[in-house]
Protein chains: 2
Amino acid sequence: MQRKSFRTMPCPIARGLDRVGEWWSILILRDAFAGMTRFEEFRESLGIAPGMLSRRLVALVEAGLLERRRYSDTPPREEYVLTPRGEDFRPVLLTLLDWGNRHFAPEGPSVQIVDAATGAPAEPVLVDRATLRPIEAPEFRLVAGPAAGRGMKARLARERPRDLLGRKEISA
Amino acid sequence: MQRKSFRTMPCPIARGLDRVGEWWSILILRDAFAGMTRFEEFRESLGIAPGMLSRRLVALVEAGLLERRRYSDTPPREEYVLTPRGEDFRPVLLTLLDWGNRHFAPEGPSVQIVDAATGAPAEPVLVDRATLRPIEAPEFRLVAGPAAGRGMKARLARERPRDLLGRKEISA
DNA sequence: CGCCTCGCTATCATCATGGAAGTCAGTTCC
DNA sequence: GGAACTGACTTCCATGATGATAGCGAGGCG
């Protein structure tokens, strides 16, 4: 009766969550992106129990998001650094940050993404690299890919007459 | 000794995770975006225990991501629909989907975002709405916002000489 | 030598999860 | 009009996951 794994589900969201969906994992990644590498740094920044931190780090290393390496033999010291797969997670963190800022920061944002050149706050939007059109628009849809099974097709098929992933409209 | 809450942390990522960071929550949202609204739909699609689904739905409603409403009195039937705040979560889901596709779909993607006009697969990139420049670039940084406390500033200050949220370079 | 740091591991009380079964209002079948 | 169904849950309970605290081993510091 252990926690159900999402690993075998065909959905890429489920597969991804299987690696980063646990309590603490994403915050650890956040700190890794902020430049932290050492056990004590994470532990102090997060206020997490050492046992838990240890388990999460092992899981993230196994998932290929972090790499553990010894940077000193005497004294023995380890560090955890983001792998390319881990670095690639940044956009998820940034969209989550933006969402959090817009909905759960009544006193104003505590972190902002700014244009280093102008100092102006940036407003992240997802666009298609080729056309630069916002992916939120009704011109983009989700479709079953080459490796889709029945279940996936069923889920996508029941997609509503709204557009991408079910949106109705963008409220400014 | 209950599960630690992220709600009081100033970080927008932590605040957001406090609402959607539990096991199942994001998959429920995924299905909601796919057009599902009813208890039985979610339960069947996810293979989740009814008790768990019930708790997660209540939490998502309390967090303001879903709205529960009765659409029939006889027989009594409820449905769960995305609120504006929930709809606003879509970009996070899409970046996660893209990340999952690129890293955990060895047999090829099972879901793809495509341009409805051309049918070509879209490649999501985060850009600044005003300048359309990719936010991944070194020209964007994270800075402490108006509501940042000491802890937040400390974390941002120790940011490495890499660029945004610690990236080194984009690997194609 | 005594004390401190870093990176953990060990223990243990308590909480959350997952599975199965039951409830309640109404609907449909025959 | 009674049996069987459906949808949306609730209750219960055996376990696994968490969180707090304590301790350990290798080494450094004064």
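Below, chain A is the first sequence line, B the second, and so on; all start at residue 1.
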Only pairs at least two apart or in different chains count here, so list each salt bridge (charged side-chain N to carboxylate O under 4.0 Å, His left out) that has a residue in residues 91-100 of chain B. B:Asp98-B:Arg102
By side-chain hydrogen bond (donor to acceptor under 3.5 Å, both in side chains), A:Arg77 pairs with (sequence neighbours left out) none
When all nucleic acid strands are considered with a 4.0 Å heavy-atom cut-off, which category describes B:Arg43: base, sugar-phosphate, or nothing? nothing
NA contact type, A:Tyr80, heavy-atom cut-off 4.0 Å: base, sugar-phosphate, or nothing? sugar-phosphate
So ring-ring contact (aromatic ring centres under 6.0 Å, His included) across residues 54-92 of chain A, not counting sequence neighbours, yields A:Phe89-B:Trp99
Looking at DNA chain D, which of residues 50-60 of chain A put a heavy atom within less than 4.0 Å of it? A:Pro50, A:Met52, A:Arg55, A:Arg56
side-chain hydrogen bond (donor to acceptor under 3.5 Å, both in side chains) partners for B:Thr83, two or more places apart: none
Among C:dG18, D:dA8, C:dC8, which nucleotide sits nearest the side chain of B:Trp24? C:dG18
Could you give the CZ-to-C1' distance, from B:Phe6 to D:dT18, as a whole number of Å? 11 Å
How close or far is atom C1' of D:dA8 from atom CZ of B:Arg70, stated in whole angstroms? 10 Å
Cut-off 3.5 Å, no hydrogens considered: what does the side-chain donor-acceptor table look like for residues 54-67 of chain A, sequence neighbours left out?
| unit_1 | atom_1 | unit_2 | atom_2 | d |
| --- | --- | --- | --- | --- |
| A:Arg56 | NH2 | A:Glu22 | OE2 | 3.3 |

Decide, yes or no, whether a salt bridge links A:Arg38 with A:Glu79 under the criterion of side-chain N to carboxylate O below 4.0 Å. no
Taking salt bridge (charged side-chain N to carboxylate O under 4.0 Å, His left out) as the cut-off, I'd like each qualifying pair that reaches into residues 109-128 of chain B, sequence neighbours left out, listed once. A:Arg129-B:Glu123, A:Arg133-B:Asp115
Roughly how many Å is it from CD in B:Glu22 to P in D:dT18, rounded to a whole number? 12 Å
Contacts of type side-chain hydrogen bond (donor to acceptor under 3.5 Å, both in side chains), residue A:Asn101, not counting sequence neighbours: none
Hey, what are the protein-to-nucleotides 26-30 of chain D N/O distances that come in under 3.5 Å?
none

Atom pair distance, as rounded to whole Å: CZ in B:Arg3 and P in D:dA20: 13 Å
Between P on C:dT9 and CD on A:Glu78, what's the gap in Å once rounded to a whole number? 10 Å
Note: for A:Tyr71 and A:Lys4 on DNA chain C, the residue whose nearest nucleotide lies more 5' is A:Tyr71
Return the value, rounded to whole Å, for the distance between atom CH2 of B:Trp23 and atom C1' of C:dT17. 12 Å
Of all the heavy-atom pairs spanning B:Phe33 and B:Gly86, show the shortest one and how long it is. CZ-O, 3.1 Å
May I have all residue pairs that pass side chain to side chain donor-acceptor pair (under 3.5 Å) and include part of residues 7-17 of chain B, sequence neighbours excluded? A:Glu107-B:Arg15, B:Arg7-B:Asp18
Taking only the side-chain heavy atoms of A:Arg68 (C-beta and beyond), determine which of D:dT18, D:dA20, C:dG7 contains the nearest atom. C:dG7
B:Glu44 meets the side-chain hydrogen bond (donor to acceptor under 3.5 Å, both in side chains) criterion, sequence neighbours left out, with none
Can you check the B:Ile28 CD1 to C:dT17 C1' distance for me, whole Å? 13 Å
Nearest-Å distance for atom pair CZ/C1', residues A:Phe42 and C:dC8: 15 Å
Got a list of protein N/O to nucleotides 1-5 of chain D N/O distances below 3.5 Å?
none

If you take the centroid of each ring, where Trp contributes its six-membered ring, are B:Phe6 and A:Trp24 closer together than 6.0 Å? yes
